[in-house]
Amino acid sequence: EAGVAQSPRYKIIEKRQSVAFWCNPISGHATLYWYQQILGQGPKLLIQFQNNGVVDDSQLPKDRFSAERLKGVDSTLKIQPAKLEDSAVYLCASSLLIRVETQYFGPGTRLLVL
Amino acid sequence: AQSVTQPDIHITVSEGASLELRCNYSYGATPYLFWYVQSPGQGLQLLLKYFSGDTLVQGIKGFEAEFKRSQSSFNLRKPSVHWSDAAEYFCAVAGSSNTGKLIFGQGTTLQVKP
């Protein structure tokens, strides 16, 4: 089966610009996660969706970050305006159900904010 | 609050030598524990997981991990390391049994000497 797809793979922007990342989860997976991985750290959950509803966005900086999963399939994460500290790899993951089980990760989008 | 500590940031072993990567967790209830591996430019791949039952868990690529409740540890082991095992390894605990949110350690980078 196809894995989790993400695009773009790399993005370089200047601070205060906006950027958007796209994720297409494994077909049939109801739960979708966005993680932020800063260099030298483990991934940190930004937001979790169950179908098209938000389950957890407690660590999402809502003044600049937004995410949606309108049809319960693919998802978009947006940053506006970007700050230097947003430089990181943004990982998308999906799982079949909303419970503790294996999460399947995409290759990530590496963002550099100058 | 739940947390994961990986005490070793960087480990170097010779090819063919044994490997042990340490992981300590903090969690009030029965933990759900994972080890993921991340190769350069790749997403995270699940090596193994512990939910319940036998405390010695077998995973892919010849890895195993042992859950020790008394020590709050879930160390990853491999009897003989191959050059292709060079990567970054992350230990994680499920922050919620209901939502599947993962809390990751900061990772251990494994270098393999020929």
Side-chain angles (χ1 to χ4, degrees), chain A residues 2-10 21 23-26 29-51 53-60 88-112, chain B residues 1-10 21-27 29-53 57 59-60 74 76 87-109:
Chain A
V4 176
Q6 290 188 248
S7 68
R9 292 295 309 275
Y10 305 93
F21 313 130
C23 172
N24 191 20
I26 293 173
H29 280 196
T31 307
L32 185 147
Y33 308 80
W34 282 102
Y35 290 87
Q36 180 192 56
Q37 185 179 15
I38 294 173
L39 186 65
Q41 299 180 19
K44 180 186 77 173
L45 181 70
L46 290 176
I47 189 167
Q48 177 183 354
F49 292 94
Q50 170 72 0
N51 296 313
V54 175
V55 174
D56 185 343
D57 64 356
S58 58
Q59 298 196 82
L60 186 73
V89 177
Y90 292 85
L91 295 165
C92 179
S94 70
S95 62
L96 186 61
L97 300 171
I98 179 170
R99 64 180 186 193
V100 180
E101 60 174 11
T102 300
Q103 294 181 22
Y104 297 86
F105 284 79
T109 296
R110 186 175 298 272
L111 173 68
L112 179 60
Chain B
Q2 303 93 345
S3 65
V4 176
T5 301
Q6 294 180 245
D8 305 305
I9 296 174
H10 192 106
L21 302 182
R22 296 183 291 164
C23 171
N24 293 100
Y25 67 89
S26 172
Y27 190 72
T30 300
Y32 299 88
L33 297 160
F34 303 78
W35 274 100
Y36 280 86
V37 61
Q38 186 177 37
S39 298
Q42 304 295 315
L44 280 75
Q45 181 185 21
L46 180 70
L47 286 175
L48 47 79
K49 60 189 178 186
Y50 172 78
F51 285 6
S52 64
V57 180
I60 63 172
F74 188 55
L76 182 71
E88 191 156 21
Y89 292 79
F90 292 94
C91 181
V93 64
S96 165
S97 60
N98 294 324
T99 67
K101 167 184 175 179
L102 291 180
I103 297 170
F104 286 87
Q106 64 267 46
T108 297
T109 300

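Side-chain atoms are counted along with the backbone in the values below, which use heavy atoms only and exclude waters and symmetry mates. Chain letters run A, B, ... following the sequence lines, proteins first, then strands; residues in each count from 1.
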Using salt bridge (charged side-chain N to carboxylate O under 4.0 Å, His left out) as the criterion, list what pairs up with B:Arg22, not counting sequence neighbours. B:Asp8
Is it the side chain or the backbone of A:Ser95 that comes within 4.5 Å of chain B heavy atoms, both, or neither?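 It is neither, since no heavy atom gets under 4.5 Å.
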Holding to side-chain hydrogen bond (donor to acceptor under 3.5 Å, both in side chains), I want the full list of residues that pass it with A:Thr109, two or more places apart in sequence or in another chain. none
Nearest 0.5 Å, please: how far is [atom2] in [Y] from [atom1] in [X]?
| X | Y | atom1 | atom2 | result |
| --- | --- | --- | --- | --- |
| B:Lys101 | A:Leu45 | NZ | CG | 6.0 Å |
| B:Gln45 | A:Tyr104 | CD | OH | 10.5 Å |
| B:Gln38 | A:Phe105 | CD | CZ | 9.0 Å |

Select one option (side chain, backbone, both, neither) describing which atoms of [X] are under 4.5 Å from chain A's heavy atoms.
| X | answer |
| --- | --- |
| B:Leu44 | both |
| B:Ile9 | neither |
| B:Gln6 | neither |

Hey, mind stepping through A:Gln103 and B:Tyr36 against side-chain contact (heavy atoms from CB on, under 4.5 Å) and telling me if it holds? CA-CA 10 Å; A:Gln103 294 181 22; B:Tyr36 280 86; 3.8 Å; yes
Option in A:Ala93, A:Gly42, A:Gly106 with maximal non-hydrogen atom pairs under 4.5 Å from chain B: A:Gly42
Below 4.5 Å, heavy-atom pairs only: which of A:Cys92, A:Pro107, A:Gly108, A:Pro43 has the largest tally toward chain B?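 Winner by heavy-atom pair count: A:Pro43.
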Can you name the closest pair of heavy atoms from B:Phe90 and A:Gln37 and give their distance? CZ-NE2, 3.1 Å
Is A:Tyr35 close to B:Leu102 at the side-chain level, that is, under 4.5 Å between some pair of heavy atoms?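 The answer is yes; the side chains approach within 4.5 Å.
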